[in-house]
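For the single chain, residues carry numbers from 1 onward in sequence order.
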Amino acid sequence: MTKLLTFILAILLLFTSLRPTFAEIKSLKIISDSRSMILFERFGFTHTGHATIYVSSVSVLSSLASPDPSRLGFFLLAEESLIQVLVELQQNPSLCVLDSKYINLLFTFRDLSPPPRSSFNHSYPITSPNEYSLFFANCAPESTVSMDVHTELYNLDGRGLVKDYLSAGLTLLPALYFFFSVIYFAFFAFWGYICLTNKKSVHRIHAVMGLLVIMKALNLLCAAEDKHYVKVTGTPHGWDVLFYIFQFIRVVLLFSVIVLIGTGWSFLKPFLQEKEKKVLMIVIPLQVLANVASIVIGETGPFIKDWVTWNQVFLLVDIICCCAIIFPIVWSIRSLRETSKTDGKAARNLAKLTLFRQFYIVVIGYLYFTRIVVFALRTISAYKYQWVANAVEEIVSLAFYGVIFYMFRPVEKNEYFVLDDEEEEAAELALRDEEFEL
């Protein structure tokens, strides 16, 4: 029972941090699993919600006496009841979670059809709208379970005819992602226009930035189609594959663009130093690993034994990459400050230092909002408003793209790089200040 309490505590911590929400029609296979509890899905139900569960080929093996089938079963647990269940089990360690008064028991293995089919199929209407987690509990000691599980969690529309397989708080995501994809396509067209009208000032980095924008637009378009098909059919119809492909390219390009701009590649210098190349050699393979972790997290679920580990891998890799991309910006600021002491171009160097200092602040702000503020919104927002965190993340990302692309746009007379000689004296005084030290 201590193992059970530990597992529930881990699930509690997972809920309050990652807040995973799962949907779609899922068909899963459990093989010789000895876990006391298995979390299958998490879903926000409205007053027209339904949970359909079909289990088949059920087999229970025990090294002790024949297990009591009433000690194994499925139940729904509301988020606010999780702590109450934990307290209840702490007060009575011998209590089986299936006997808790805070759960919504669906069925136990006593309800299964006789062998060899050993199956059960039923649809449960949700009488109390809330966000529920679907669990399987095994309170039979020293036993392992094998079974095929098919789940369909959905809400019906107002007329009770059309099924919506997206959680109540995510049903607006298809429209949201499509709206932002249109904005990014327009962004790409405008960026292309700027580059064409300022051909003499276009550098290789501007082409990479344009590629980043189109990948972002395609990524959002595939996300919109993915969520749309999940919403109406319960399966993504292959759009999830395209989504992961474009997501991988977009994320690699985003981190690469930040690193390349931070080094001043193509518009300040035509090459990368060895230490700057090493940053890219670290970031890109880590992003490959992060993308693999993202696919495992998105396409499986907490029912697999290593799901929490994959989440930890993804978070660790993301933190490492976020820290790594800051170094080239810091190196550029320090290098420009040292150069300003000897080359006699104070005004020009002051402009570059100002640019990179602003870039540093914008990148830090972007990482802070998308990793911490959005995370906090997902944690504290009600299940019906989970889409708000996604909307905020896209708005912040669009603002970040807009600011960065404006700062490093291809303009012949960029205010940061073309300054009058009259400003040299004032610039030299400014450079003596320590405000550019990080």
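With 3.5 Å as the limit, one finds a donor-acceptor pair spanning the side chains of Ser70 and Asp68. With 3.5 Å as the limit, one finds no donor-acceptor pair spanning the side chains of Glu41 and Ser133. His50 and Ser123 are not linked by any side-chain donor-acceptor pair at a separation below 3.5 angstrom, with hydrogens and angles left out of the test.
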Name the atoms and distances for all side-chain donor-acceptor pairs under 3.5 Å in residues 209-229, with sequence neighbours left out.
| unit_1 | atom_1 | unit_2 | atom_2 | d |
| --- | --- | --- | --- | --- |
| Lys216 | NZ | Glu394 | OE1 | 3.3 |
| Asn219 | OD1 | Arg250 | NE | 2.8 |
| Asn219 | ND2 | Phe243 | O | 3.3 |

In residues 54-62, what donor-acceptor pairs under 3.5 Å come from side-chain atoms, sequence neighbours left out?
| unit_1 | atom_1 | unit_2 | atom_2 | d |
| --- | --- | --- | --- | --- |
| Ser62 | OG | Leu64 | N | 3.1 |
| Ser62 | OG | Glu142 | O | 3.3 |

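Between Tyr184 and Tyr401, the distance separating the two ring centers is shorter than 6.0 angstrom. Taking the ring centroids of Phe185 and Phe187, they lie at or beyond the 6.0 Å cut-off.
Leu156 places none of its side-chain heavy atoms less than 4.5 Å from the side chain of Leu161. Residues Glu131 and Gln386 form a side-chain contact, since some pair of their non-hydrogen atoms from C-beta on lies under 4.5 Å apart. At a threshold of 4.5 Å between non-hydrogen side-chain atoms, the residues Arg71 and Asn138 do not count as touching. Looking at Phe408 and Ile205, their side chains never come closer than 4.5 Å, going by heavy atoms from C-beta outward. Two residues are said to be in side-chain contact when any heavy atoms from C-beta on lie closer than 4.5 Å; Val208 and Leu253 meet this criterion. Using a 4.5 Å heavy-atom threshold, the side chains of Asn390 and Leu176 count as touching. Contact check for Ile25 versus Tyr154: no side-chain heavy atoms found under the 4.5 Å cut-off. Residues Val283 and Ile325 are in side-chain contact: their nearest non-hydrogen atoms beyond the backbone lie under 4.5 Å apart.
Of the charged side-chain nitrogens involved, none lies within less than 4.0 Å of a carboxylate oxygen, so that Glu152 and Lys26 do not count as a salt-bridged pair. Under the 4.0 Å criterion applied to side-chain N and carboxylate O atoms, Glu393 and Arg371 are not assigned as salt-bridge partners.
The structure places CD1 of Ile103 at 7.5 Å from CG of Asp99, a figure rounded to the nearest 0.5 Å. Note that OH of Tyr102 and CG of Leu86 are 12.0 Å apart. Values are rounded to the nearest 0.5 Å. If you take CG on Leu289 and CG on Asp318, they are separated by 11.5 Å, rounding to the nearest 0.5 Å.
Under the rule for a side-chain contact (heavy atoms from CB on, under 4.5 Å), the partners of Pro69 that lie at least two apart in sequence or sit in another chain are Phe109, Arg110. Taking Phe188 as the reference, nothing meets the ring pair (Phe, Tyr, Trp, His ring centres under 6.0 Å) condition, with sequence neighbours excluded. With sequence neighbours excluded, no residue forms a salt bridge (Lys or Arg N to Asp or Glu O under 4.0 Å) with Glu88. The ring pair (Phe, Tyr, Trp, His ring centres under 6.0 Å) test applied to Trp191 returns His206, Phe405, not counting sequence neighbours. Remark: Ile284 pairs with Val252, Ser256 by the side-chain contact (heavy atoms from CB on, under 4.5 Å) rule, at least two apart or across chains. Every residue was checked against the ring pair (Phe, Tyr, Trp, His ring centres under 6.0 Å) condition with Tyr244, not counting sequence neighbours, and none meets it. A search for salt bridge (Lys or Arg N to Asp or Glu O under 4.0 Å) contacts involving Lys29 returns Asp148, not counting sequence neighbours. Scored by the ring pair (Phe, Tyr, Trp, His ring centres under 6.0 Å) test, Phe369 finds no partners at all (sequence neighbours excluded). Here His122 pairs with Phe120, Tyr124 under the side-chain contact (heavy atoms from CB on, under 4.5 Å) rule; sequence neighbours left out.
Checked by atom type and distance alone, the side chain of Asn155 pairs as donor or acceptor with a backbone atom of Thr46 at under 3.5 Å. Side chain of Ser294 to backbone of Ala290: no donor-acceptor contact under 3.5 angstrom is found. Here the side chain of Thr144 pairs no donor or acceptor atom with the backbone of Asp33 at under 3.5 angstrom. Panel note: side chain Ser100, backbone Val97; no donor-acceptor pair is recorded below 3.5 Å. Using modelled atom types, one side-chain atom of Thr197 and one backbone atom of Ile194 make a donor-acceptor pair closer than 3.5 Å. Side chain of Asn104 to main chain of Phe75: no donor-acceptor pair is present (N/O by atom type, distance under 3.5 Å, no hydrogens or angles). Of the possible polar contacts, one joining the Ser167 side chain to the Gly44 backbone as a donor-acceptor pair under 3.5 Å is found. Formation of a donor-acceptor pair under 3.5 Å by the Thr263 side chain with backbone atoms of Leu260 is found in this model. Not one N or O on the side chain of Ser146 forms a donor-acceptor pair closer than 3.5 Å with the backbone of Ile31. Of the possible donor and acceptor atoms, one in the side chain of Tyr383 sits under 3.5 Å from a partner among the backbone N and O of Phe45.
Annotation: cation-pi pair Arg409/Tyr406 present, NZ/CZ under 6.0 Å from the ring centroid and within 45° of its normal.
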Trace of the salt bridge (charged side-chain N to carboxylate O under 4.0 Å, His left out) decision for Arg42 with Glu79 = CA-CA 10 Å; Arg42 189 179 188 186; Glu79 183 178 1; 3.1 Å; yes
Residues Ile183, Leu398; criterion side-chain contact (heavy atoms from CB on, under 4.5 Å); working and verdict | CA-CA 9 Å; Ile183 292 178; Leu398 181 61; 3.8 Å; yes
Take Thr235 and Val230 through the side-chain contact (heavy atoms from CB on, under 4.5 Å) test and state the conclusion after the steps.
-> CA-CA 5 Å; Thr235 57; Val230 169; over 6 Å; no
Run the side-chain contact (heavy atoms from CB on, under 4.5 Å) check on Ile258 and Phe359 step by step: do they pass?
-> CA-CA 9 Å; Ile258 293 175; Phe359 179 59; 4.2 Å; yes
Taking it one step at a time, do Ile261 and Ile404 satisfy side-chain contact (heavy atoms from CB on, under 4.5 Å)?
-> CA-CA 9 Å; Ile261 291 179; Ile404 296 305; 3.9 Å; yes
Passes side-chain hydrogen bond (donor to acceptor under 3.5 Å, both in side chains), Asn311 versus Thr309? Steps please.
-> CA-CA 5 Å; Asn311 272 279; Thr309 302; over 6 Å; no
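Evaluation of the salt bridge (Lys or Arg N to Asp or Glu O under 4.0 Å) test over residues 162-183, restricted to residues two or more places apart or in two chains, returns Asp164-Lys231.
Applying ring-ring contact (aromatic ring centres under 6.0 Å, His included) to Phe40 and the options Phe74, Phe135, Tyr132 leaves one that passes, Phe74. Between Phe400 and the options Leu254, Leu367, Ile395, Thr370, a side-chain contact (heavy atoms from CB on, under 4.5 Å) holds for only Leu254.
The number of heavy-atom neighbours closer than 6.0 Å to CZ of Phe178, taken from other residues, nucleotides and ligands shown, is 12 or below. In this structure, His150 places its NE2 atom where more than 12 heavy-atom neighbours from other residues, nucleotides or ligands lie under 6.0 Å away.
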